2 protein chains.
Amino acid sequence: MVFVKQAQHPELEEMTLVAVMGAFSDPIRVGLVRVLADGRERGWGELRVPVAKSTLSHHLRVLRDAGITRTRQEGTRCYVKLRRDDLDARFPGLLDVVLDAACGDDVGAHVGVDHAPPHA
Amino acid sequence: MVFVKQAQHPELEEMTLVAVMGAFSDPIRVGLVRVLADGRERGWGELRVPVAKSTLSHHLRVLRDAGITRTRQEGTRCYVKLRRDDLDARFPGLLDVVLDAACGDDVGAHVGVDHAPPHA
DNA sequence: TACCTTGTTCGACATTTCACGAACAACGAA
DNA sequence: TTCGTTGTTCGTGAAATGTCGAACAAGGTA
């Protein structure tokens, strides 16, 4: 397996439909996207997910590699946010459709977020 | 992703976002959906897919179990078509988004169809 | 009846995915 | 420097997925 030290964020043209659909095909990842839907950047520590931290790291990487989220590092902390504009440009309407469906069905409801201010 | 062994055609309420996204996360299945996008019913024999017939059977089953297509049997032949109205009702806009993206990127371009009339 | 066509199911296999804990590296704080 | 926090990577394992060929069942045809 080829591991890039810091996984890359794909450019617009590099995002593929199949990768994005695959990323949305897991309830935990859909839950994460729901949490990020308000556009605010979140510290990973804020995320409340019922899996081990290594597994969370995995899911966040799948989202990042698909181009759905953008990760920023600051010291030892990582922050993540939705690439809403990029997604809307690449696959117009997709994010809204997914969010509507996910909220209606409560997909990924076991994913939450602490509301402590990241930059307090 | 999770595919149930005996599931047939799910009702509207039984369609899940995660299953539909999983079904769209394979280029062959996206290609099949593209072929069916014109709404016409197709005999399986018409479908030109570069995989063994058992593999085609598998992919068509994933699409059917997710609620994306409907299969009808007539004698020894099977016919398949898109459940466009059901999809639009359950996940409004999703199919159009996927078809737009798939056609723009030529996802599943290796999937084709013979245009010989099934009942000639 | 025997044969052919069509699609399903099975067994096998390789690959991928998801999950965990442990070890590690990087950084900030004491 | 030493320690604690944070996220990545590794090793492992279970489960799912994609693929094939072979065997099978159902239905039409000779």
Side-chain angles (χ1 to χ4, degrees), chain A residues 1-8 16 18-32 41-66 69-80 108 110-111 114 116 118-120, chain B residues 1-9 16 18-19 21-32 41-66 69-80 108 110-111 114 116 118-120:
Chain A
M1 211 160 11
V2 182
F3 276 126
V4 185
K5 176 74 175 176
Q6 179 77 18
Q8 300 297 327
T16 70
V18 163
V20 170
M21 299 308 259
F24 282 134
S25 71
D26 181 287
I28 287 185
R29 291 194 290 263
V30 173
L32 287 168
E41 186 176 61
R42 300 290 186 177
W44 293 29
E46 289 179 83
L47 302 172
R48 285 292 160 265
V49 185
V51 294
K53 64 177 182 175
S54 56
T55 305
L56 174 61
S57 184
H58 159 70
H59 284 303
L60 285 169
R61 176 179 168 133
V62 172
L63 288 171
R64 185 183 55 210
D65 289 355
T69 58
R70 187 174 295 280
T71 290
R72 178 176 67 85
Q73 200 157 13
E74 189 180 296
T76 63
R77 309 253 170 112
C78 283
Y79 298 90
V80 61
H110 49 322
V111 176
D114 284 345
H119 298 285
Chain B
M1 289 280 221
V2 182
F3 94 111
V4 186
K5 224 161 183 181
Q6 284 289 354
Q8 285 293 25
H9 298 92
T16 70
V18 164
M21 299 308 258
F24 282 133
S25 70
D26 182 286
I28 286 186
R29 292 194 290 264
V30 173
L32 288 168
E41 185 176 62
R42 299 290 187 178
W44 294 30
E46 290 179 83
L47 303 173
R48 283 293 159 264
V49 185
V51 293
K53 62 176 183 173
S54 54
T55 305
L56 173 60
S57 184
H58 161 69
H59 285 305
L60 286 168
R61 165 133 107 167
V62 172
L63 288 171
R64 184 184 58 208
D65 289 354
T69 58
R70 187 174 296 280
T71 291
R72 179 176 67 85
Q73 199 158 11
E74 189 179 297
T76 65
R77 310 247 172 118
C78 283
Y79 297 90
V80 61
H110 48 323
V111 176
D114 284 345
H119 298 285

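Each chain gets a letter, A, B and so on, in the order the sequences are listed, and its residues count up from 1. Since the structure is predicted, the reported quantities are computational estimates derived from the model, not experimental observations.
- Between the CZ atom of Arg72(B) and the P atom of dT6(C) there is a distance of 16 Å, rounded to whole Å.
- Between Arg61(A) and dT9(D), a side-chain N or O to OP1/OP2 separation shorter than 4.0 Å is present.
- Atom CG of Leu60(B) is separated from atom P of dG18(D) by 13 Å (rounded to the nearest Å).
- What separates CG of Leu47(B) from P of dT6(C) is a distance of 13 Å, to the nearest Å.
- Taking the side-chain contact (heavy atoms from CB on, under 4.5 Å) definition, one finds that Thr55(A) meets it with Val51(A), Ala52(A), His59(A), sequence neighbours left out.
- Here Met21(A) contributes atom CE and Thr16(A) contributes atom OG1; the two are 10.5 Å apart, rounded to the nearest 0.5 Å.
- For Ala23(B) against Ala66(B), the heavy-atom pair with the smallest separation is CB-CB, 3.9 Å.
- Whole-Å rounding puts the Asp65(B) CG to dT9(C) P distance at 10 Å.
- Looking at residues two or more places apart in sequence or on another chain, you find a side-chain contact (heavy atoms from CB on, under 4.5 Å) between Arg70(A) and His9(A), Arg83(A), Asp86(A).
- Between the CG atom of Leu63(A) and the C1' atom of dT8(D) there is a distance of 17 Å, given to the nearest Å.
- Look at CD on Gln73(B): it is 7 Å from C1' on dG7(C), rounded to the nearest Å.
- Contacts of His58(A) classified as side-chain contact (heavy atoms from CB on, under 4.5 Å), with partners at least two apart in sequence or in another chain: Arg29(A), Val62(A).
- In terms of heavy atoms, Trp44(A) sits closest to Val80(A) at NE1-CB, 3.7 Å.
- For residues 50-59 of chain A, proximity to DNA chain C is found at Val51(A), Ala52(A), Ser54(A), Thr55(A), His58(A), His59(A), defined as any non-hydrogen atom under 4.0 angstrom from a strand atom.
- For the pair Asp26(A) CG and dT16(C) P, the computed distance is 18 Å after rounding to whole Å.
- The side chain of Arg77(B) places no N or O atom within less than 4.0 Å of a non-bridging phosphate oxygen (OP1 or OP2) of dG28(D).
- As a whole-Å value, the separation of Tyr79(B) OH from dG27(D) C1' is 13 Å.
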